[in-house]
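Excluded from the calculations below are hydrogen atoms, water molecules and symmetry mates; all remaining heavy atoms, backbone and side chain alike, are included. Note that the numbering runs from 1 along the sequence shown for the chain.
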Amino acid sequence: MVRLAQVTENPRRPPRFVSVGEHTRPVTSFNSKDVKSNPLPIWSRMSCAAFNVAPSFNLHGCTKRGVSKPFGFRNHCAFHKFSTLFLENLNLSSSDCSFGRDRLSRSFHSVFKCAAQNSEASPSVSFETKNNSGQVSVLVIGGGGREHALCYALQRSPSCDSVFCAPGNAGIASSGNATCIPDLDVYDGAAVISFCRKRGVGLVVVGPEAPLVAGLTNELVKAGIPTFGPSAEAAALEGSKNFMKHLCDKYDIPTAKYKTFMNPSAAKQYIQEQGAPIVIKADGLAAGKGVTVAMTLEEAYEAVDSMLVKGDFGSAGCRVIVEEFLEGEEVSFFALVDGENAIPLESAQDHKRVGDGDTGPNTGGMGAYSPAPILTKELQSVVMDSIIIPTVKGMLAEGCKFVGVLYAGLMIEKKSGMPKLIEYNVRFGDPECQVLMVRLESDLAQVLLAACRGELSGVSLNWSPGSAMVVVMASKGYPGSYEKGTLIENLEEAELVAPGIKIFHAGTAFDSERRFIATGGRVLGVTAKGNDLEEAHDRAYRAVQNITWPGGFYRRDIGWRALPQKQYATKG
């Protein structure tokens with residue numbers, strides 16, 4: 001645990017123009033009417049200029065695919081001040097337009113009139129629960145494997161009276177780990193607040209990134225409901241890779257060298273100069289699919305065209321980050337943050353590539369295990385001192401006080417053995433959350449409430465000894481197109497083949513006969529605990545092999561970096 005002090009911000013040069021969608025115009029063209037007429041945060045609506053929300057949002061005509069219902073959160077987009085880092089993030093390339101600092105400052109101050117929730121201390125709030133025992137009712141927002149794991153851990157918390165999950169999924173509902181509320185419109189902040197008040201919810205845990213980036217936490221905190229998850233402004237750490245990279249530059253956080261582009265020709269020229277292998281990233285949220293590790297120049301050019309020319313990722317790909325290729329082992333590092341204090345969780349390592357031997361395209365994650373042997377206690381201290389703590393300090397200095405989970409995707413460099421930051425997520429990882437939650441022995445509800453109250457300084461976490469592993473079962477064709485509605489059987493039997501097995505559902509539903517069917521890409525997270533990693537591995541794969549699902553597939557080598565060669569040659 002580390003207590004963090006406020007850091008004084010250094011003055012920086014402001015940007016000169018803003019590019020919105022396909023049109024470039026001076027920032028002074030924004031006005032207060034924009035705030036009143038559009039429910040999305042103003043920085044979200046500056047799609048290519050600031051923080052991309054997701055390809056499903058139609059941001060100034062930049063989205064070229066289907067549009068889902070926008071989040072209807074209100075009154076969380078106005079700021080009484082902007083950090084210079086935020087403004088600098090808008091300056092993406094050269095322009096003949098130039099505006100002085102005073103003029104720029106006046107234009108932004110005229111737009112953002114009320115104080116941002118995240119730049120001030122959260123209000124002290126009290127909450128009422130349905131009983132007088134001091135227990136709390138919890139609402140988990142989301143419906144994937146991560147949310148199932150959170151519900152599972154919360155249900156086991158002694159201080160937790162009841163767990164709701166909205167919208168949840170068929171597996172969560174049938175497991176009894178939570179009461180699913182499929183009809184609660186989590187896109188409607190007022191509806192969520194109303195539900196919390198009617199059910200006496202004393203803690204909301206926001207699982208997925210999209211509601212965080214869109215501002216659900218802002219609405220709930222404003223209504224006096226303790227909410228674990230960052231504000232919309234602080235969620236920019238995940239909502240914009242460019243913002244994250246600028247933060248690294250400003251606060252000396254080790255990361256791969258990079259450049260940001262909106263012009264495909266300029267991006268390709270830079271790629272040619274750097275050579276392959278090289279990494280191409282969509283700036284915004286792309287459901288875990290916006291990263292291409294290009295081993296050839298041709299692959300890199302195709303990735304640039306996919307994002308900047310074809311618009312395959314909608315607004316999330318209106319800007320790309322071209323990043324140096326780092327050689328080494330990837331590892332996930334999680335820390336709970338209350339705005340000023342940070343405490344680490346146990347380590348975990350996932351497998352991003354779809355195929356055995358880490359081959360094929362990147363995915364949201366095909367499996368994970370905890371702890372990760374590569375992340376020694378010494379390296380964990382280095383990560384806290386050089387990456388996590390400077391990030392929390394920097395966000396505080398930028399007026400974006402961070403409360404929630406910092407999920408750092410790290411590369412332990414082969415040449416130096418030292419960690420570098422690849423990316424930040426602002427929520428529990430999936431599938432890492434599954435292995436962490438089955439190992440956590442502390443009262444999760446109380447820990448998350450302590451984070452909401454700024455009281456993590458007195459918190460310590462207890463973990464079960466041994467290891468845990470999760471093997472993801474996905475629909476055939478993932479991460480590309482896949483068939484929905486395929487039948488899955490023998491799940492109950494699979495959980496009983498050995499002790500310590502738990503199957504988390506990520507993308508399931510019931511058919512007309514109340515049988516489980518697959519509705520997503522990543523569908524099941526077959527998780528097992530063991531005295532060591534070998535035992536956890538054996539149990540997880542025994543369970544997988546007892547599941548009948550002709551329409552699914554899985555990697556057969558999860559944990560291969562940490563296990564002997566003979567161990568991961570698992571037969572299907």
Side-chain angles (χ1 to χ4, degrees), residues 138 140 142 144-157 160 163 172 177-178 205-209 228-229 330-337 342-352 364-375 377 379-380 383-384 388 404-410 424-448 450-451 456 459-472 500-506 522 524-533 536-537 539-540 558-559 562:
V138 183
V140 176
R146 166 184 50 233
E147 288 74 40
H148 193 175
L150 289 169
C151 290
Y152 170 77
L154 286 164
Q155 186 194 39
R156 292 161 51 223
S157 299
C160 189
V163 183
I172 297 174
N177 296 137
V205 180
V206 185
E209 60 272 25
F228 183 79
E330 288 190 45
V331 66
S332 303
F333 189 94
F334 298 86
L336 299 181
V337 182
I343 58 173
L345 302 182
E346 273 286 88
S347 63
Q349 191 163 14
D350 74 339
H351 298 257
K352 291 294 187 187
M366 294 299 295
Y369 54 93
S370 173
I374 190 174
L375 201 60
K377 294 298 182 184
L379 271 181
Q380 289 184 46
V383 172
M384 287 297 292
I388 300 298
V405 176
L406 269 181
Y407 163 17
L410 306 174
Y424 265 130
N425 295 309
V426 297
R427 31 72 187 186
F428 288 100
D430 187 344
E432 296 96 332
C433 185
Q434 286 84 316
V435 291
L436 292 175
M437 291 302 104
V438 298
R439 292 192 61 214
L440 181 67
E441 294 187 339
S442 297
D443 187 319
L444 180 61
Q446 284 302 307
V447 171
L448 300 186
L456 281 180
V459 172
S460 60
L461 301 176
N462 296 319
W463 302 90
S464 66
S467 299
M469 178 177 288
V470 57
V471 178
V472 170
I501 294 173
K502 175 67 178 177
I503 298 176
F504 295 110
H505 290 239
R522 293 187 298 162
L524 301 171
V526 183
T527 309
K529 292 169 60 178
N531 292 321
D532 54 30
L533 190 57
H537 170 278
R539 289 176 175 180
I558 300 303

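A distance of 8.0 Å separates CD of Glu346 from CG of Leu436, quoted to the nearest 0.5 Å. From Ser467, atom OG reaches atom CG of Leu533 across 5.0 Å, with rounding to the nearest 0.5 Å. Summarising the geometry, atom CZ belonging to Arg439 is positioned 13.0 Å from atom OG1 belonging to Thr527; distances are rounded to the nearest 0.5 Å. Annotation: the span from Leu444 atom CG to Ser442 atom OG amounts to 9.0 Å, rounded to 0.5 Å. If you take CG on Leu406 and CG on Leu336, they are separated by 9.5 Å, rounding to the nearest 0.5 Å.
Considering only residues two or more places apart in sequence or on other chains, His505 meets the side chain to side chain donor-acceptor pair (under 3.5 Å) condition with Thr508.
Between the side chain of Glu147 and the backbone N or O of Gly144 there is at least one donor-acceptor pair closer than 3.5 Å. In this structure a side-chain-to-backbone donor-acceptor pair under 3.5 Å is present from Arg539 to Lys529.
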**OP:** Please assess Val206 against Phe228 for the test side-chain contact (heavy atoms from CB on, under 4.5 Å), listing each intermediate value before the final yes or no.
**Re:** CA-CA 6 Å; Val206 185; Phe228 183 79; over 6 Å; no
**OP:** Decide yes or no on side-chain contact (heavy atoms from CB on, under 4.5 Å) for Leu410 and Glu330, but give the supporting numbers first.
**Re:** CA-CA 6 Å; Leu410 306 174; Glu330 288 190 45; over 6 Å; no
**OP:** Applying side-chain contact (heavy atoms from CB on, under 4.5 Å), run through Arg522 and Asp430 and close with a yes or a no.
**Re:** CA-CA 10 Å; Arg522 293 187 298 162; Asp430 187 344; 3.9 Å; yes
Subject >> Step-by-step side chain to side chain donor-acceptor pair (under 3.5 Å) determination, Glu432 to Ser332 >> reply: CA-CA 8 Å; Glu432 296 96 332; Ser332 303; 2.7 Å; yes
**OP:** Report the C-alpha separation of Tyr152 and Gln434 in whole Å, then their side-chain angles, then the decisive distance to 0.1 Å, and conclude whether the side chain to side chain donor-acceptor pair (under 3.5 Å) test is met.
**Re:** CA-CA 9 Å; Tyr152 170 77; Gln434 286 84 316; over 6 Å; no
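Side-chain atoms of Val405 and Arg427, non-hydrogen and from C-beta on, never get closer than 4.5 Å to each other.
Ring pair Phe504/His148 is perpendicular by interplanar angle, where above 60° counts as perpendicular and below 30° as parallel.
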